[in-house]
Amino acid sequence: MQLQQLAYFVAVAEVRHFTQAAELLHVAQPSLSKQIRALEADLGASLFSRARGNITLTPAGEALLPLAQRILADVDTARHEVQELAGLRRGRVRLGATPSLCAGLLGDVLRRFHDAYPGIRILVEEGGSRDLVRALTRGELDLALVILPLHGDPPLETAPILRERLVVASPAEPEARPAPHPSGGRMPPRPAQVPRRPHLRISDLRNRPMVMFRSGYDLREATINACRAEGFEPRFAVEGGEMDAVLRFVEAGLGIAVVPSMVLAGRPGLHGTPLVLSDDETRDHRRGQPSPGLLRTIALAHRKDVDLTHAARAFQSTLETFLVEAALSGSLPAGVETLLDG
């Protein structure tokens with residue numbers, strides 16, 4: 001079994017077409033097919049089913065695919081690590097992050113890291129926490145900022161670093177909206193307004209149109225489960241969007257959404273109302289005690305079975321130092337607190 005054969009196998013498995021895979025790899029299609037047949041002979045099993053021009057994975061192919069993807073990713077990581085140990089002033093960090101962090105804190109952290117290590121390439125993958133966990137497990141990422149608790153039992157090491165408050169995002173009051181309607185007239189009344197109270201309960205979301213994230217976002221599952229725990233199904237006006245699209249749809253008045261508080265910074269067209277789980281929490285707040293509200297914990301994760309590269313460790317150190325300093329200076333976004341010791 002050769003690495004080249006695994007690379008050819010993964011390419012065909014991902015595009016489900018021999019000719020297209022050959023074009024992507026810049027090799028002749030007969031050469032690719034020959035290597036696939038050699039791999040199948042070595043393993044003693046067919047990897048692809050070729051029926052009526054359709055390419056599908058056999059059970060053996062399905063079993064091999066995640067292993068081959070991980071092997072190739074680990075080889076690539078090893079190559080970069082050896083380059084660093086050889087004294088080259090370059091490297092790479094493959095970082096996964098949720099959209100709320102990409103839109104919030106991450107830009108400042110990346111700027112500090114780039115200033116300190118200008119030769120290190122930073123590859124950022126933005127996605128829902130579950131998608132990032134899968135990518136990290138497959139070896140496609142070095143580090144990922146994910147939401148705890150993790151689902152299932154992925155082979156990951158996690159270190160909690162942040163806790164953020166969830167809020168109900170709704171269109172701002174008309175007088176607070178900065179821009180006129182594109183037609184030149186005033187913005188029409190917004191049907192997705194929520195009561196302007198210090199807090200909202202989960203039950204206040206009943207029968208209100210909601211803008212919902214696509215599958216793969218923990219926020220989607222958290223919102224749906226919280227509504228079901230209160231005895232109702234959420235009503236979706238629009239679903240399937242990424243973070244930026246969800247916020248724009250809310251701003252347009254299509255519905256409300258449960259989002260992290262930090263994503264509303266710099267969006268005057270949106271209003272955020274903290275979300276609490278029960279009347280008891282709201283009453284505690286009125287008595288002068290801070291309401292814990294609905295919170296989520298963000299952790300920095302990496303695979304247990306792979307040591308971090310020097311570049312990834314440097315990024316981890318930069319991130320942790322930035323968060324501690326931001327907490328001490330009071331510059332963390334509203335609704336966000338660090339879980340790191342100062």
Side-chain angles (χ1 to χ4, degrees), residues 1-83 92-96 123-144 146-147 149-158 214-218 220-221 240 301-309 312:
M1 185 184 304
Q2 301 174 9
L3 290 175
Q4 184 185 61
Q5 293 172 341
L6 291 179
Y8 287 1
F9 162 71
V10 169
V12 176
E14 290 178 346
V15 302
R16 303 299 170 98
H17 198 284
F18 276 78
T19 301
Q20 291 179 10
E23 292 174 351
L24 290 172
L25 295 169
H26 304 290
V27 298
Q29 193 268 330
S31 297
L32 181 142
S33 297
K34 181 179 178 180
Q35 291 298 324
I36 294 294
R37 287 195 298 269
L39 179 61
E40 291 176 325
D42 188 25
L43 295 174
S46 296
L47 300 175
F48 296 102
S49 175
R50 306 163 178 84
R52 298 178 182 178
N54 294 321
I55 304 298
T56 59
L57 287 170
T58 64
E62 293 281 2
L64 178 61
L65 181 58
L67 298 174
Q69 289 172 325
R70 183 179 301 177
I71 289 169
L72 293 172
D74 288 348
V75 169
D76 196 35
T77 297
R79 183 180 297 110
H80 280 269
E81 180 72 357
V82 170
Q83 288 175 346
R92 178 193 67 182
V93 177
R94 300 170 301 170
L95 174 69
L123 308 176
V124 177
E125 179 173 332
E126 180 180 355
S129 182
R130 296 189 183 193
D131 295 335
L132 297 177
V133 167
R134 284 191 289 268
L136 194 58
T137 302
R138 291 194 298 261
E140 297 170 3
L141 299 172
D142 301 309
L143 294 166
V146 299
I147 308 303
L150 301 181
H151 297 272
D153 188 24
L156 303 180
E157 190 79 30
T158 60
R214 64 166 175 81
S215 298
Y217 276 71
D218 270 47
R220 178 188 177 96
E221 300 304 321
H302 64 87
R303 277 173 53 189
K304 292 180 179 178
D305 60 338
V306 177
D307 290 335
L308 288 177
T309 65

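By the 4.0 Å N-to-carboxylate-O rule, E125 lies too far from R138 to be salt-bridged with it.
Using a 4.5 Å heavy-atom cutoff, the side chains of L123 and L141 are not in contact. At a threshold of 4.5 Å between non-hydrogen side-chain atoms, the residues E14 and L24 do not count as touching. Side-chain atoms of Q29 and S33, non-hydrogen and from C-beta on, do get closer than 4.5 Å to each other. Proximity of R130 to E221: side-chain heavy atoms (C-beta onward) are separated by under 4.5 Å at one or more points. Q20 places none of its side-chain heavy atoms less than 4.5 Å from the side chain of I55.
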Could you please spell out the steps behind the side chain to side chain contact (heavy atoms under 4.5 Å, CB included) verdict for L39 and Y8? CA-CA 10 Å; L39 179 61; Y8 287 1; over 6 Å; no
Run the numbers on L47 and L65 for side chain to side chain contact (heavy atoms under 4.5 Å, CB included), then give the verdict. CA-CA 9 Å; L47 300 175; L65 181 58; over 6 Å; no
Test log, rule side chain to side chain contact (heavy atoms under 4.5 Å, CB included), inputs V133 and H151: CA-CA 9 Å; V133 167; H151 297 272; over 6 Å; no
Residues V27, Q35; criterion side chain to side chain contact (heavy atoms under 4.5 Å, CB included); working and verdict: CA-CA 11 Å; V27 298; Q35 291 298 324; over 6 Å; no
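Distance check: E157 CD to L143 CG gives 12.0 Å after rounding to the nearest 0.5 Å. Taken to the nearest 0.5 Å, the CG atom of L32 stands 10.5 Å off from the CD atom of Q5. Atom NE2 of residue H302 and atom OG1 of residue T309 lie 11.0 Å apart, to the nearest 0.5 angstrom. The line from CD1 of I147 to CG of L132 is 9.0 Å long, rounded to the nearest 0.5 Å. Interatomic distance, OG1 of T137 versus CG of D305, reported as 9.5 Å (0.5 Å rounding).
The shortest non-hydrogen separation linking V146 to S129 is CB-OG, 3.4 Å. The shortest non-hydrogen separation linking T56 to R16 is CA-NH1, 4.0 Å. Between R303 and L136, the shortest heavy-atom contact is CD-O, 3.0 Å. Heavy atoms only, all atoms of each residue included: A312 and D142 are closest at CB-CB, 4.3 Å. For the pair S49 and T58, the tightest heavy-atom approach, listed with the atom from each and the gap, is N-CG2, 3.8 Å. Across all non-hydrogen atoms, the minimal contact from A60 to S46 is CB-O, 3.6 Å.
Ring-plane geometry between F48 and F9 is classed as tilted, the angle between the planes lying from 30 to 60 degrees on a 0 to 90 degree scale.
Looking only at distances, no side-chain donor or acceptor of R214 sits under 3.5 Å from a matching main-chain atom of R220.
The 12-atom threshold is exceeded at CG of D42, counting heavy atoms of other residues, nucleotides or ligands nearer than 6.0 Å.
At a cut-off of 3.5 Å, with distance as the only test, no side-chain donor of T19 or E23 sits close to an acceptor on the other residue.
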